[in-house]
Amino acid sequence: MLDMKWIRDNPAAFDAALARRAAAPRSKEILELDASHRGVITELQSLQSRRNEASKQIGQVKSKGGDASALMTEVATIKDRMAALEAKEQIVGQYLLDVLMTVPNVLDAAVPEGKDETANVEVRTWGAPRSFNYPVKDHADLGQGLGLLDFDQAAVVSGARFSYLKGALARLERALAQFMLDTHTTEHGFTEVNPPLLVKAEALQGSGQLPKFVDDLYVTTAGHWLIPTSEVSLVNMVAQKILNKAELPIRLTAFTPCFRSEAGAAGKDTKGIIRQHQFEKVELVTICTPETSAAEHERIVKCAEVILQRLELPYRVVALCAGDVGFTMARTFDLEVWLPGQSAYREISSCSNGHEFQARRMNARYRAEGETKGTHFVHTLNGSGLAVGRTLVAVMENYQEADGSIRVPKVLLPYMGGVDLIRRV
RNA sequence: GGAGGGGUGGCCGAGUGGCUUAAGGCGCUGGUUUGCUAAACCAGUGUACUGGGAAACCGGUACCGAGGGUUCGAAUCCCUCCCCCUCCGCCA
């Protein structure tokens with residue numbers, strides 16, 4: 001959510017920010033709502049002030065045995081007017097809030113212009129795609145060929161976009177997650193968290209998934225929502241809090257399943273496990289001050305890159321352009337891993353700086369030691385470190401052999417109990 | 001799921017309709033006193049919105065778990081919900 005005061009003082013800059021995302025100007029509409037809202041508040045507060053004063057006088061008059069009926073009549077009429085104003089305040093206030101909740105974050109000045117992913121800018125590449133002297137297979141064919149990946153029975157049990165992963169492939173995925181967590185906790189200073197997978201709607205509103213992306217989410221009959229990413233659970237660890245500046249930055253990591261309905265993705269990535277309703281991800285989240293957030297953003301990208309480098313998977317870093325940065329975020333770098341099965345780089349991590357957008361929605365603030373008045377909103381950042389299912393895909397396709405077996409990356413050997421080659425049994 | 005007990009400021013804790021501008025204490029900040037430290041004493045010490053002001057600041061309103069209600073007036077009475085604690089039941 002954006003600062004209403006900022007919109008009020010900088011309507012032209014606000015509309016220009018929307019224009020970068022190819023969105024229509026909204027300052028006029030919002031400013032009118034805001035002015036009307038504040039007008040009602042001012043009137044209401046002056047009535048309340050008079051009512052409080054009169055009520056106090058009634059108490060004093062009555063305690064001396066006097067007649068307070070004139071004052072009581074006055075308060076009665078004030079109350080009538082207040083009731084109408086309270087109703088209006090609630091309606092206008094809620095409507096203004098609803099509107100503000102659907103306004104996207106202001107993009108960082110460093111974000112390149114452009115209206116869709118074709119305008120994204122390649123920042124750097126690492127590693128070179130391996131050349132094969134035999135026809136390469138994609139991960140779905142490899143997995144099914146090994147007898148360790150089953151979509152057919154998953155369709156019987158759960159429907160489309162689910163899979164069974166078995167034996168050494170299941171273990172390989174677990175090894176990847178372990179390796180990522182170990183690296184981030186012991187070398188990168190992130191604290192491991194095992195967070196809730198079911199959250200309240202308020203949490204999703206805080207991190208920005210609601211109300212806009214309601215169709216992408218699953219909700220239980222009990223009213224809990226399944227997290228589409230542990231970013232939701234992790235970022236909300238500071239919701240409603242006033243933190244000490246000294247405890248920032250807070251760096252958190254979690255390995256969790258993620259659940260997405262993938263509404264609107266019909267026909268996209270239907271083969272394999274690239275896009276499923278349920279997948280696993282190691283997430284990185286940083287809570288920090290505005291002064292350090294740009295550096296923390298670079299840091300998260302680097303932490304994610306380390307994983308790909310140690311797995312010896314070729315990748316590139318892409319700066320998302322204005323039209324491709326998500327609703328909640330001010331700036332995003334994607335990591336795209338080389339997939340021989342598709343002869344293409346595919347997203348495996350998205351590292352974003354949300355500035356204070358989520359913090360405002362969550363009311364997450366900090367204060368410096370000894371600072372006596374006022375608070376500041378924290379900055380929130382998140383990145384995949386990495387999407388575990390897609391990393392499994394990348395390992396399978398990049399480490400495949402001519403006979404359809406898969407070598408285990410060196411760095412995973414300690415996690416694989418001596419298995420260095422996965423082959424059909 | 002059942003029974004009982006709770007939720008008050010940064011923390012502890014008083015508060016059964018107006019004497020509360022939430023007592024008192026702790027903590028914190030500043031000051032006085034003072035070889036130094038400590039102690040003592042004095043003062044200050046929440047968040048948000050809103051009006052005025054260039055600002056420093058000065059007013060107002062709301063907030064005692066959340067939301068409704070009763071009342072001229074609610075931390076206090078009523079209703080609904082949430083969370084915590086103890087015990088019981090069930091359960092990985």
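Sequence lines set the chain letters: A, B, ... in the order given, protein chains first and strands last, and positions in each chain run from 1. Only a predicted model underlies this, so the values are computations on that prediction, with no experimental measurement involved.
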Quiz item: A:H188 vs A:H184 aromatic rings, parallel, tilted or perpendicular, using cut-offs 30° and 60°?
Solution: tilted

Exercise. Scan every strand shown for a Watson-Crick or G-U wobble partner of B:C77, both distances under 3.5 Å, and answer none if you come up empty.
Key: B:G69

Quiz item: Watson-Crick or G-U wobble partner for B:A62, using a 3.5 Å limit on both distances?
Solution: B:U47

Self-check item: Short side-chain N/O contact from A:R365 to OP1 or OP2 of B:G46, under 4.0 Å
Solution: no

Quiz item: Out of B:G18, B:U50, B:U61, which has the shortest distance to the side chain of A:R8?
Solution: B:U50

Self-check item: Pairwise 5' ranking along RNA chain B for A:I242 and A:G39, keeping only the more 5' one
Solution: A:I242

Quiz item: Paired with B:U33: which nucleotide, if any, by Watson-Crick or G-U wobble criteria at under 3.5 Å for both distances?
Solution: none

Quiz prompt | Inter-nucleotide C1' distance (B:C11, B:G46), Å rounded | solution = 13 Å

Practice problem: Assign the ring pair A:H277 / A:Y218 to parallel, tilted or perpendicular, where the plane angle (0 to 90°) is split at 30° and 60°. | Solution: perpendicular

Quiz item: For RNA chain B, whose closest nucleotide is more 5', that of A:K79 or that of A:K200?
Solution: A:K79

Quiz item: Nearest-Å distance, CZ (A:R51) to C1' (B:U71)?
Solution: 11 Å

Practice problem: Can you spot which of A:N105, A:N236, A:T380, A:T328 makes a side-chain hydrogen bond (donor to acceptor under 3.5 Å, both in side chains) with A:Q358? | Solution: A:T380

Exercise. Classify the nucleic acid contact of A:I58 as base, sugar-phosphate or nothing, counting any heavy atom under 4.0 Å across all strands shown.
Key: base

Self-check item: side-chain N/O A:R50 vs B:C72 OP1/OP2, d < 4.0 Å
Solution: no

Quiz item: Is A:N52 near enough to B:A62 that one of its side-chain N or O atoms lies under 4.0 angstrom from OP1 or OP2?
Solution: yes

Self-check item: Under 3.5 Å on both distances, the Watson-Crick or G-U partner of B:A38
Solution: none

Quiz item: Within this structure, what is the CG-to-C1' distance between A:N244 and B:G27, rounded to whole angstrom?
Solution: 14 Å

Quiz item: Looking only at atom C1', what distance separates B:C41 and B:C57, rounded to whole Å?
Solution: 29 Å

Quiz item: Out of B:C72, B:G68, B:U61, which nucleotide sits closest to the side chain of A:S55?
Solution: B:C72

Self-check item: Phosphate contact (B:G51 OP1 or OP2) by A:R38 side-chain N/O below 4.0 Å
Solution: yes

Quiz prompt | Pairing nucleotide - B:U21, Watson-Crick or G-U, each distance under 3.5 Å | solution = none

Exercise. Would you please classify the geometry between the A:H297 ring and the A:F333 ring as parallel, tilted or perpendicular, with 30° and 60° separating the classes?
Key: tilted

Quiz item: For A:R367 and B:U47, is the shortest distance between a side-chain N/O and OP1 or OP2 below 4.0 Å?
Solution: yes

Quiz item: What integer number of Å spans the P atoms of B:C78 and B:G1?
Solution: 25 Å

Quiz item: Expressed in whole Å, how much space separates the P atoms belonging to B:U80 and B:C28?
Solution: 45 Å

Practice problem: Under a 3.5 Å limit for both distances, which nucleotide forms a Watson-Crick or G-U wobble pair with B:A56, could you say? | Solution: none

Practice problem: If B:G1 has a Watson-Crick or G-U wobble mate with both distances under 3.5 Å, name it; if not, just say none. | Solution: B:C88

Practice problem: May I ask you to check whether A:T229 and A:K281 show a side-chain donor-acceptor distance below 3.5 Å? | Solution: yes

Practice problem: Kindly assign one of parallel, tilted or perpendicular to the pair A:F327 and A:F213, based on the angle between their ring planes and the thresholds 30° and 60°. | Solution: perpendicular

Quiz prompt | Nearest-0.5 Å distance, CD of residue A:E296 to SG of residue A:C303 | solution = 9.0 Å

Quiz item: Under 4.0 Å between a side-chain N or O of A:T375 and OP1 or OP2 of B:A48?
Solution: yes

Quiz prompt | Side chain of A:Q48 (C-beta onward), nearest among B:A62, B:U50, B:C72 | solution = B:A62

Quiz item: If you measure from the P atom in B:C84 to the same atom in B:C72, how many Å do you get, rounded?
Solution: 38 Å

Quiz item: Is the distance from OP1 or OP2 of B:U50 to the nearest side-chain N or O of A:T42 less than 4.0 Å?
Solution: no

Quiz prompt | Nucleotide B:U71, atom C1' - distance to NZ of A:K56 in whole Å | solution = 18 Å

